[in-house]
K.L.:
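Okay, here's the structure, questions in a sec.
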Amino acid sequence: MPELPEVETTLRGIKPHVAGQCLRGAVVRVQKLRWPVPPNLSELVAGQTVDDITRRGKYLLLHLTGQTLMLHLGMSGSLRIVPDEIPVGKHDHVDLLLDGKRLRLTDPRKFGAVLLLDHDPYASPLLAGLGVEPLSAELTGDGLRSRARGRFVAIKNFIMDQKVVVGVGNIYASEALFRSGINPLRACNSLDSKEWNRLVGDIRHVLTEAIAAGGTTLQDFTGSDGRPGYFRQELRVYGREGEPCSRCGAAIVQEKIGQRSSFFCPDCQK
DNA sequence: AAATTCTCCTGAAGGC
DNA sequence: TGCCTTCAGGAGAATT
């Protein structure tokens with residue numbers, strides 16, 4: 001499930017192949033992703049240079065000459081650089097054509113997105129309301145504490161809210177809360193300053209470690225080179241229900257919080 | 001306004 | 001072996 005580390009891994013993998021390249025066109029095989037892919041995408045992007053490629057939250061932004069191509073991997077998407085002659089798979093929905101190779105979006109569950117934005121992409125509705133980048137200095141305990149004031153939503157849902165902080169998904173939310181010793185069901189306004197500071201540090205820490213490991217591969221996530229991510233073995237609670245807590249030995253429990261399965265230690269997460 | 005539920009999609013896994 | 005059900009999840013939309 002691409003969260004920030006998986007998107008960042010993808011960005012770093014494809015950037016050397018894409019930045020500075022001229023787009024020759026695109027192949028759209030499946031239009032029906034989260035939003036319709038522009039059917040005439042090919043003619044719209046042909047001839048434009050990819051000046052830069054950046055990430056905002058879980059979105060990838062290809063800054064073209066006059067527009068911005070916005071990509072989202074949804075929950076099963078991956079981007080890979082492939083040679084022109086490679087066979088097309090069932091879930092290979094969109095190719096961006098470069099010289100002699102292509103950037104291919106593969107997404108079995110079709111929750112991803114390929115959108116072309118005019119003007120300032122950061123003013124678009126999808127990006128304008130996004131929260132702070134967790135790996136930047138914008139993320140502070142005090143900042144989160146003030147955002148949580150007057151709210152009662154579970155802390156796990158709060159840190160997964162992209163309007164609060166971007167990039168933290170279901171896996172890393174559970175992992176960060178475990179490392180902080182905070183029960184995911186706690187109301188977000190019940191954390192004290194010390195807990196907020198600790199949580200901010202652990203969010204940063206777990207995301208940074210995951211990026212260093214190339215992300216987490218659960219089912220079919222691969223980096224742009226086709227290799228899986230190796231952070232899965234570092235997960236301390238996610239997917240480990242019934243296993244002993246690495247800190248206190250109690251059995252890890254699984255519980256749904258806001259429709260999402262969550263994992264935590266009932267003894268040492270207070 | 002905030003919180004909760006619904007929805008999209010398909011492959012994997014479990015039940016009988 | 002095979003069909004059916006359930007689950008997984010990012011996040012906008014709809015609902016409470």
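Just so you know, these numbers use all the heavy atoms, side chains as well, and skip hydrogens, waters and symmetry mates. Letters go in sequence order (proteins before strands), and every chain restarts at 1.
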K.L.:
Flag the pair A/D107 and A/K110 as a salt bridge only when some basic side-chain nitrogen lies within less than 4.0 angstrom of an acidic carboxylate oxygen.
P.N.:
no
K.L.:
Convert the base pairs of DNA chain C into dot-bracket notation, remembering that pairs crossing earlier ones are written with [ ] and that bases paired across to another strand are shown as |; include only Watson-Crick or G-U pairs under 3.5 Å.
P.N.:
.|||||||||||||||
K.L.:
Does the pair A/D95 and A/R102 meet the rule for a salt bridge (Lys or Arg N to Asp or Glu O under 4.0 Å), with working shown?
P.N.:
CA-CA 6 Å; A/D95 287 357; A/R102 45 188 79 197; 3.0 Å; yes
K.L.:
Quick one: A/Q259 CD to C/dC7 C1', roughly how many Å, whole number?
P.N.:
13 Å
K.L.:
Map A/R149 and A/K90 onto DNA chain B by nearest heavy atom, then report which one ends up closer to the 5' terminus.
P.N.:
A/R149
K.L.:
Identify which nucleotide among C/dG12, C/dA8, B/dT5 has an atom closest to any side-chain atom of A/Y59, counting heavy atoms from C-beta outward.
P.N.:
C/dG12
K.L.:
Could you check whether A/K156 and A/N183, counting side-chain N and O atoms only, form a donor-acceptor pair closer than 3.5 Å?
P.N.:
no
K.L.:
Less than 4.0 angstrom between a side-chain N/O of A/S261 and OP1 or OP2 of C/dG9, yes or no?
P.N.:
yes
K.L.:
C/dA11, C/dA8, B/dA3: which one has an atom nearest the side-chain heavy atoms of A/F152?
P.N.:
B/dA3
K.L.:
With sugar-phosphate meaning primed atoms plus P, OP1 and OP2, does A/K163 contact a base, only sugar-phosphate, or nothing at under 4.0 Å between heavy atoms?
P.N.:
nothing
K.L.:
Provide, to the nearest angstrom, the distance between the CG atom belonging to A/L127 and the P atom belonging to C/dG10.
P.N.:
18 Å
K.L.:
What is the distance, rounded to the nearest whole Å, between atom CZ of A/R151 and atom P of B/dT4?
P.N.:
10 Å
K.L.:
Can you tell me if A/H72 touches the phosphate of C/dA11, counting only side-chain N or O atoms and a distance under 4.0 Å to OP1 or OP2?
P.N.:
yes
K.L.:
C/dA11 P sits how many Å from A/L4 CG, rounded?
P.N.:
11 Å
K.L.:
Salt bridge check, A/D192 against A/K194: does any charged N sit closer than 4.0 Å to a carboxylate O?
P.N.:
no
K.L.:
Mind calculating the distance between CG (A/L115) and C1' (C/dA11) to the nearest angstrom?
P.N.:
13 Å
K.L.:
Output the single nucleotide from B/dT10, B/dA3, C/dA11 whose closest atom is nearest the side chain of A/H91.
P.N.:
B/dT10
K.L.:
Between C/dG10 and A/F111, is there a base-stacking contact, meaning the centre of the base's six-membered ring lies under 5.5 Å from the residue's ring centre while the planes stay under 30° apart?
P.N.:
yes
K.L.:
Verify whether one side chain among A/T106 and A/R80 offers a donor that lies under 3.5 Å from an acceptor in the other.
P.N.:
no
K.L.:
How many Å lie between CG on A/D107 and P on C/dG9, as a whole number?
P.N.:
16 Å
K.L.:
Is the cationic atom of A/R186 (NZ for Lys, CZ for Arg) positioned less than 6.0 Å from the six-membered ring centroid of A/F158 and within 45 degrees of its normal?
P.N.:
no
K.L.:
Is a donor-acceptor pair below 3.5 Å formed from side chain A/R34 to base C/dA11, judging by atom type as modelled?
P.N.:
yes
K.L.:
For A/F158, report the nucleic acid contact type (base, sugar-phosphate, nothing); a contact means any heavy atom under 4.0 Å.
P.N.:
nothing
K.L.:
Take the protein atom CG of A/L33 and the nucleotide atom C1' of B/dT10, then report the distance between them rounded to whole Å.
P.N.:
13 Å
K.L.:
In whole angstrom, give the distance that lies between atom CD1 of A/I155 and atom P of B/dA3.
P.N.:
12 Å
K.L.:
Verify the contact: side-chain N or O of A/K32 to OP1 or OP2 of B/dC8, cut-off strictly under 4.0 Å; return yes or no.
P.N.:
no
K.L.:
Would you mind listing every salt bridge (charged side-chain N to carboxylate O under 4.0 Å, His left out) that reaches into residues 48-68 of chain A, with sequence neighbours excluded?
P.N.:
A/E8-A/R55, A/K15-A/D52, A/R55-A/E133, A/R56-A/E133
K.L.:
Quick one: which of C/dG10, B/dT10, C/dG12 gets closest to the side chain of A/R109?
P.N.:
B/dT10
K.L.:
Would you call the rings of A/Y172 and A/F231 parallel, tilted or perpendicular, where under 30° means parallel and over 60° means perpendicular?
P.N.:
tilted
K.L.:
For the side chain of A/R260 and the base of C/dA8, is some donor closer than 3.5 Å to an acceptor across the two?
P.N.:
no
K.L.:
Is the phosphate of C/dA8, meaning OP1 or OP2, less than 4.0 Å from a side-chain N or O of A/Q254?
P.N.:
yes
